[in-house]
Amino acid sequence: MSKEWIGKQSNKVKNRVDRLLVKRFAESIGDLHPFYVDEEFGENARYGRNIAPPTFPRTLDYGVIEGVELPKKGLIHGEETYIYNRPLLVDEVVYCYAKIEDYYEKVGKSGGKMGFVIIKRFGEDEKGDLIFTEIQNVIITEAVRKEMKV
Amino acid sequence: MSIITEFKIGDTLEVTLDPVSRLDLIKYAGASGDFNPIHTIDAEAKNAGLPGIIAHGMWTMGNLSKLFTPYYGEGFIKEFKVRFASMVFLNDMITLRAELEEERDGELLFNVSAVNQKDQVVVKGTVQFTRYE
């Protein structure tokens, strides 16, 4: 990980909010609410269809940021934010991409450096209007940084 | 059912989950696509220096959001921000809480948290719930 990664982003990937995946996801968080899974209920609700849970964008494909490879182990998920302009709708097409927003280092308790990565992920509709933004703060521990030899 | 837009400052939503099971985390791994083995396989968690498997932070965050699901007829979650303060282990009893902190121009600001059976905060954050016009 290095500062050169700041600002790099992936190409947009076309996703579709899959009804079955929304149901599985809702079930996995113990939230099988008709807003998410009952088609008739959705038709009579505000958007005329079902919506997806706020943390569902976790499941979408944001593409690959060329030249950026985070370690697979030893990452700590520190903070997570979702910002919505409106709920994500079941069956809708959403174009997703990710960007390295920031990277900085701090000296940890044992004197080694810890890395902090801020990744932003975006979901846009077919017109290019933003539906949601995700901000993820990830910590790369001292031990993992040493293995990466950065 | 109560109406969220009639909530008063200090009103709360609260639910205690069943003890965290391995199957909960296997289901979340499958549904989310996060197959980091420290969440499902004991040996991998031990290799990573953990006493046992831990829940995905996003599993707890996802659970927390369900306090608001019954109210999606009145508005939607505009912003949901959390910090993962502590780890969640198998058999932990997690209580989810939301408390209305402030109301301003149709925006309801809640403090939210997930707390374990030892009263340790495992997730802490805020939810901004926007009322439809």
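So you know, we letter chains A, B, ... as the sequences are listed, proteins then strands, and number each from 1.
Residues of residues 54-66 of chain A lying under 4.5 angstrom from chain B, judged on non-hydrogen atoms, are A:P54, A:T55, A:R58, A:T59 by number.
Residue contact with chain A, scored on non-hydrogen atoms closer than 4.5 Å, involves the side chain of B:E44 exclusively. The contact between A:L21 and chain B is made entirely by side chain atoms (from C-beta outward), counting heavy-atom distances below 4.5 Å. With a 4.5 angstrom heavy-atom cutoff, A:P87 touches chain B via backbone and side-chain atoms both. For B:D18, no part sits under 4.5 Å from any heavy atom of chain A, backbone or side chain. Both the backbone and the side chain of A:N85 come within less than 4.5 Å of a heavy atom of chain B.
Highest contact tally toward chain B, considering only A:A45, A:G78, A:G30, is held by A:G78 [criterion: heavy-atom pairs under 4.5 Å]. Comparing B:L17, B:T69, B:N63, B:T126 by how many heavy-atom pairs each has under 4.5 Å with chain A, the most go to B:T69. Considering only heavy-atom pairs separated by less than 4.5 Å from chain A, the leading option among B:M61, B:M58, B:R83, B:E79 is B:M58. Annotation: maximal heavy-atom pairing with chain B below 4.5 Å, among A:H77, A:K23, A:E27, occurs at A:H77. Heavy-atom pairs under 4.5 Å with chain B peak, among A:P34, A:S28, A:P53, at A:S28.
Cation-pi contact between A:K106 and A:F116: present, with separation from the ring centre below 6.0 Å and deviation from the ring axis of at most 45°. Relative to the ring axis of B:Y132, A:R46 places its NZ or CZ within 45° and under 6.0 Å from the centre.
The environment of NZ in A:K14 is sparse: at most 12 heavy-atom neighbours from other residues, nucleotides or ligands sit within 6.0 Å.
For B:R104 and B:E102, the salt-bridge test passes: some basic side-chain N is under 4.0 Å from an acidic carboxylate O. Using a cut-off of 4.0 Å between Lys/Arg side-chain N and Asp/Glu carboxylate O, A:R49 and A:E43 are scored as not salt-bridged. Under the 4.0 Å criterion applied to side-chain N and carboxylate O atoms, A:E92 and A:R86 are assigned as salt-bridge partners.
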Verdict with reasoning, B:F68 to B:F76, per ring-ring contact (aromatic ring centres under 6.0 Å, His included): CA-CA 9 Å; B:F68 297 90; B:F76 70 103; over 10 Å; no

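B:Y28 has its ring centre less than 6.0 Å from the ring centre of A:F25. The distance between the ring centers of A:F35 and A:F41 falls below 6.0 angstrom. Taking the centre of each ring, A:Y82 and B:F80 stay at or above the 6.0 Å mark.
Here the side chain of B:E103 pairs no donor or acceptor atom with the backbone of B:K8 at under 3.5 angstrom.
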